[in-house]
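Labels below follow one simple rule: chain letters A, B, ... track the order of the sequence lines, proteins then strands, and each chain is numbered from 1. Note that these values count all heavy atoms, side chains included, but never hydrogens, waters or copies made by symmetry.
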Number of protein chains: 2
Amino acid sequence: MRPLPRSRLQVQKEPLPRTVPEGTRRRILEAALRLFASQGFHGTSIRDVAKELELQPSALYSHFPSKEHILAALVQVGHEAHHEALRTAMLDAGNAPEAQVRALIRAHTVTHATHPLLAVVVNEEVNALPPELAAPALVLRQQSAALLLQVIERGVALGRFSPPHPVATAAAISAMGVRIPYWYEPGGALDIDSLANIHAELALRMLGARG
Amino acid sequence: MRPLPRSRLQVQKEPLPRTVPEGTRRRILEAALRLFASQGFHGTSIRDVAKELELQPSALYSHFPSKEHILAALVQVGHEAHHEALRTAMLDAGNAPEAQVRALIRAHTVTHATHPLLAVVVNEEVNALPPELAAPALVLRQQSAALLLQVIERGVALGRFSPPHPVATAAAISAMGVRIPYWYEPGGALDIDSLANIHAELALRMLGARG
DNA sequence: GTCTATACTATGATAGAC
DNA sequence: GTCTATCATAGTATAGAC
């Protein structure tokens, strides 16, 4: 096993959302998250995870029934945090399509910039799961995508948006957030809140919103 | 080994650019490309590749010295095709920043939509390579990224573009193309040329180009 | 350039003591 | 809940015949 590449993926103080309770289970998820993000799920052995925690490999099986279940837990946590952030943002947004897009995109961007390791694992490794373990997360993903598309289509119906192609534009808007972990450096000159505002502005420009 | 998930990644007639000559070497690269795209590099064994070609595993070593070298060849081919497409597009674009952006983004989108498997492997598995095998491709990647940023900054200097943040906007524009393999279906209602025009339009909107 | 055979290592997971 | 010990399998790669 080669000593990790992907130095672009920084070490983080709090790689997992606070919804995951403290304890050995959380420590396993944190170690697995770092390793899966840098080496991939298949590139990481149960022994790698155990070594990172200074445990014996067998000790992990008291907390998770298999390596796949560790990944499944990460994927689920990531999708839940993302979906919850979008849902909460919509509650505060009022009924103007512009404000709704701004709220959704800000939440989308903040989530990806705050938990970049989780975003990478969720997006690159979900396919390593058997369908039954991936399914709950994929339902959430579908709902989140549908939420953005509905807001866009309502804006079009109200004459406030004029995207060249609603579905392709929704994909382009979503892509900005998904790609954050691959270029954005959290400690740098651009803070997360500013990036979120930039992405909201770009989304509204793509939609042809006035003002 | 589970029977492949990722049904979203379609089977393609010509998954590799024509720059790769016919022969066993190309057939190995094509089989490895399909498998790496659907199961990942670490999730694919040399036995899987051999089985796909109805060869014995040892036969592969007459063509490539290691599994890593197969991936390295794919990553290099992908980056070369992409970089060459951008370079050629710029030659035809003239000196107007709007036309240059349109040419670059059209080429970026066409490349990703035409070779989605290669795009996925190049972007998700390049980290599985040791630095010395990844280096040539990363040079090309950096040059391609710099090309877009230079065009944007020149447009800003000429007063034709007004992006909220040139670097973040360049990343957002690039992200549209990179994410194509994850949602776009080549056989569907939206053809590649139309998608390329949509992405060019979205890029110019993000940049605040007039007209 | 492909085959058979095999060396050697790494892997996911389990058994059973404490 | 963690340990030591171990199993069964799968992994990359090589040797040598044809």
Task: Closest-nucleotide ordering on DNA chain D, the 5'-leading residue of A:R47 and A:E54 - done: A:E54
Open item on the list: Starting the side chain at C-beta, find the nucleotide from C:dA13, C:dT2, C:dC3 nearest to B:H63.
Closed with: C:dT2
TODO: Could you tell me the separation between the CG atom of B:L55 and the P atom of C:dT2, rounded to a whole number of Å?
DONE: 6 Å
TODO: Report the nucleotide, chosen from C:dC3, C:dG1, D:dA13, that has the shortest atom-to-atom distance to any side-chain atom of B:K67.
DONE: D:dA13
Open item on the list: Without decimals, in angstroms, what is the distance between A:F64 CZ and C:dG12 P?
Closed with: 15 Å
Open item on the list: Measure CG/A:L71 against C1'/C:dG12 and give the value in whole Å, please.
Closed with: 15 Å
Open item on the list: Taking 4.0 Å as the cut-off, does a side-chain nitrogen or oxygen of B:T24 come that near to OP1 or OP2 on C:dT2?
Closed with: yes
Open item on the list: Do A:H108 and A:H82 pair up side chain to side chain, a donor and an acceptor below 3.5 Å, judged on atom types alone?
Closed with: yes
- [ ] Measure the distance from CD1 on A:I28 to C1' on D:dG1 and round it to the nearest whole Å.
- [x] 10 Å
Open item on the list: Side chains of A:S194 and A:D191: any donor to acceptor distance under 3.5 Å?
Closed with: yes
- [ ] Return the nearest nucleotide to the side chain of B:Y61; candidates are D:dT2, D:dT14, C:dT2.
- [x] D:dT14
Task: Spacing between A:I46 atom CD1 and D:dA10 atom P, to the nearest angstrom - done: 17 Å
Open item on the list: Of the listed nucleotides (D:dT2, C:dC3, C:dT11), which one gets closest to any side-chain atom of A:S45?
Closed with: C:dT11
Open item on the list: Can a side-chain donor-acceptor contact be found between B:R141 and B:H79 if the only test is distance below 3.5 angstrom?
Closed with: yes
Open item on the list: Checking contacts here: which listed nucleotide (C:dT4, D:dT4, C:dG12) is nearest the side-chain heavy atoms of B:S58?
Closed with: C:dT4
TODO: May I ask you to decide whether A:E84 forms a salt bridge with A:R87, counting only side-chain N to carboxylate O separations under 4.0 Å?
DONE: yes
Open item on the list: Expressed as a whole number of angstroms, how long is the span from B:R25:CZ to C:dT2:P?
Closed with: 14 Å
Task: B:R27 CZ - C:dG1 C1' separation (whole Å) - done: 13 Å
Task: A:L53 CG - D:dT2 P separation (whole Å) - done: 10 Å
Task: Carboxylate-amine/guanidinium contact B:R205 B:E201, below 4.0 Å - done: yes
